[in-house]
Amino acid sequence: MRFSKAFIPTLKETPAEAEIPSHRLMIRSGMLRKLGSGLYTYLPLAQRVIHKIEKIVREELDNIGCQELLMPIIQPEEIWQLSGRWDIYGPELMRLEDRHERMFALGPTHEEVITLLAKYDIKSYRELPINLYQIQTKFRDEIRPRFGVMRAREFTMKDAYSFHTDNVSLEETYQKMYKAYDRIFERCGLEFSAVEADVGAIGGSDSHEFMALAETGESEVLNCECGYAATAENCKISPLENIKVEKELPLEKVHTPDKKSVEEVSNFLDIDKKQIIKTIMYNSDNELVAFLIRGDREINDVKVANLLNSINLEFASDDEIAGELDSVAGFVGPVGNKSIRIFADKNLKDAMNMVAGADEKDYHYKNVSLGRDCNVTEFVDIVQAKKGDKCPKCGKRMNSYRGIEVGQIFQLGDKYSKAMEATFTDSDGKEVPFEMGCYGIGITRTMAAAIEQNYDDYGIKWPLPIAPYQVELINLSTRSDAIVSFCDKLYKELKQNNVEILYDDRDIQPGVKFNDADLIGIPIQIVVGQRNFKKEKIEYKLRHDNKKITMDKDKIVVKVLELIEKFSQ
RNA sequence: CGGGGUGUAGCGCAGCCCGGUUAGCGCGCCUGCUUUGGGAGCAGGAGGUCCCGAGUUCAAAUCUCGGCACCCCGACCA
């Protein structure tokens, strides 16, 4: 491609909206333009990268026997009613109506469609297992789109769905997919790791997330040298230290004027936050539920939602606390006989002489002992794990890092097949629901993650396997016939060798070309200018380390082919 | 959904508080000449519903009200 003909609208200045490197660089390098909140046009450079990533994904999936298909982006309400998700998916599901006033959803994912397909067209255990995938545009009406394509509303995703006779077969495919994902992200040049994940709204049992390591990542991962790694949301909590078992003292009410928060109460009474019981009131599908945790910890609402099987989970309002509980927000506590369910953190099981709200304005109780003074429904794991906590596997201290979720794999089980009555006939002639797995990769997010991991002050440094072009040929002397004809010839020759090449033939300042080249980030730059040409020399630069090497100009083709070979892995 | 902010040429912004010329500046774009190893120079030029609507006024980018869009922060408070 000649640069003079290419649609690569680079920008010298950064548009105000860009917050993180990948977003900023995609806009500046002429890859991306915004149409509306969370809606983007992928310009030719980005489209080439997307195609490269898709190609890698297709190769690796086809290689393990997956088959590609394509499902509609607009899906009728009925199928979402069948799975029960029409009512529980929430506002992220973009709903629309056609001219006949029939309701539809813009597909945020395709479990319903694929399960229905299996229901009608996969009839016998002899056809199993089978693994079908598509690369499709998804739509999720994100509460707050941000960071460019990282959290866009419309995005490209590869989603695969597998069907099995039993969970042994499912587990087998799950492991195969795990390995395929490893190879895919490896080939994309990402630094990543797979971690145990929350199964979320999609339902199911086992799940791993593939996280690309990046400071700007939206997820926190806790990991341990023993190999355990989980998203902070999903990390199990191991026993916390320092709850002293001592002599039980009598319950005592103390005046705590206007002291609501743990911080305030701990300062006012001069006690450790660990000695405070934080009572958190949730409204879960119109039921008030109390949760007790230690004052120095935070609650993990993913765990809460999973525990309660909540569809809608919110904090209880002050009115609800006053009305239904006959208490006061800021002074809620667990003491006494309550009509509601009370779940307490496991670590509070033997807690004694704690401080807790007295259900009365400006009063707390001292010397609360959960066993004696409260009727706790159950002791559970509801605390948010954090860096420095003990690893639930080996007990060593865990570290944390931030990551971008680029892929996730789930074992769904029969959740959807049961709900939608998708069955096959097994070898005994019985009708059985499919065991299912589902597997996603954010294609456009993978592109952004690759940039987050590979850039410098000047621009992007594409890993060669997903770079929009492999080589950029820069002609600095477009007015010299000798140099132009040399470059034209070199361009042709490289193309004949199947090298993907962008040829900067523009009649402009060298500085502009250098800067555009660094910004766009094509891994191999070939620079042809008077200075070296006079000496029969040519220069190339590798963008990843910015090292320039001058060599004999007639040997460049061989050298470039060698470099491409080397960096293709 | 709550809080904050922004909307003026393709991009980045000034002007608005304190109403009053032909609405500016930098970059980009077009033409010509010069320049060609890190965003060059000179000369000329095009490009604006000042987000939309209503109001106040002799007069509105500027003041008032309503709306829309976009951005940021929060949504872990007991």
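By convention in this document, chain letters (A, B, ...) are assigned in the order of the sequence lines, proteins followed by strands, and residues within each chain are numbered from 1.
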Please determine if [X] and [Y] form a salt bridge, counting it only when a charged side-chain N lies under 4.0 Å from a carboxylate O.
X	Y	value
A:Glu287	A:Arg341	yes
A:Glu298	A:Lys278	yes
A:Lys236	A:Asp389	no
A:Lys461	A:Asp545	no
A:Asp381	A:Lys303	yes
A:Glu142	A:Arg153	no
A:Arg151	A:Glu218	yes

Base, sugar-phosphate or nothing for [X]? Non-hydrogen atoms, less than 4.0 Å.
X	answer
A:Arg506	nothing
A:Val328	nothing
A:Ser327	nothing
A:Lys548	base
A:Gly357	nothing
A:Leu476	base

Considering only side-chain heavy atoms of [X], which listed nucleotide, [options], is closest?
X	options	value
A:Pro510	B:G37, B:G39, B:A78	B:G37
A:Glu13	B:C11, B:G39, B:G37	B:C11
A:Pro15	B:G38, B:G12, B:G37	B:G12
A:Asp516	B:C76, B:G39, B:A78	B:G39

Please state the [atom1] separation for the pair [N] and [M] - nearest whole angstrom.
N	M	atom1	value
B:G19	B:G4	P	26 Å
B:G45	B:G20	P	28 Å
B:G15	B:G24	P	16 Å
B:A69	B:U22	C1'	31 Å
B:C68	B:G32	P	49 Å
B:C29	B:G12	C1'	16 Å
B:C52	B:C70	C1'	15 Å
B:G67	B:U31	C1'	44 Å

Between atom [atom1] in [X] and atom [atom2] in [N], what is the gap in whole Å?
X	N	atom1	atom2	value
A:Asn300	B:A75	CG	C1'	16 Å
A:Ile27	B:G10	CD1	C1'	14 Å
A:Arg28	B:G28	CZ	P	13 Å
A:Asp301	B:A78	CG	P	14 Å
A:Ile299	B:A78	CD1	P	11 Å
A:Asn515	B:G37	CG	C1'	12 Å
A:Gln530	B:G38	CD	P	13 Å
A:Glu360	B:A78	CD	C1'	16 Å

Pairing partner (Watson-Crick or G-U wobble, both distances under 3.5 angstrom) of [N]:
N	answer
B:G12	B:C25
B:G74	B:C1
B:A46	none
B:U56	none
B:A40	B:U34
B:C68	B:G7

Sugar-phosphate means primed atoms, P, OP1 and OP2; the rest is base. With that split, encode nucleotides 40-52 of chain B 5' to 3' as B, S or - using protein heavy atoms under 4.0 Å.
-> B------------
Does atom [atom1] of [X] have more than 12 heavy-atom neighbours, drawn from other residues, nucleotides or ligands, at distances under 6.0 Å?
X	atom1	result
A:Phe486	CZ	yes
A:Glu360	CD	yes
A:Lys366	NZ	no

Would you say A:Arg85's side chain and A:Trp80's backbone share a donor-acceptor pair under 3.5 angstrom?
->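 Looks like no, no N/O pair under 3.5 Å.
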May I ask you to check whether A:Phe268 and A:His364 place their ring centres under 6.0 Å from each other?
->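 No, the ring of A:His364 stays outside the 6.0 Å limit from the ring of A:Phe268, centre to centre.
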Nucleotide N/O of nucleotides 67-71 of chain B paired with protein N/O under 3.5 Å:
residue: B:C70; atom: OP1; partner: A:Ser37; partner atom: N; Å: 3.2
residue: B:C70; atom: O3'; partner: A:Lys34; partner atom: NZ; Å: 2.9
residue: B:C71; atom: OP2; partner: A:Ser37; partner atom: OG; Å: 3.1

Please tell me which of A:Asp507 and A:Phe331 maps to the more 5' nucleotide of RNA chain B, matching each residue to the nucleotide holding its nearest heavy atom.
->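 Nearest nucleotide further toward 5': that of A:Asp507.
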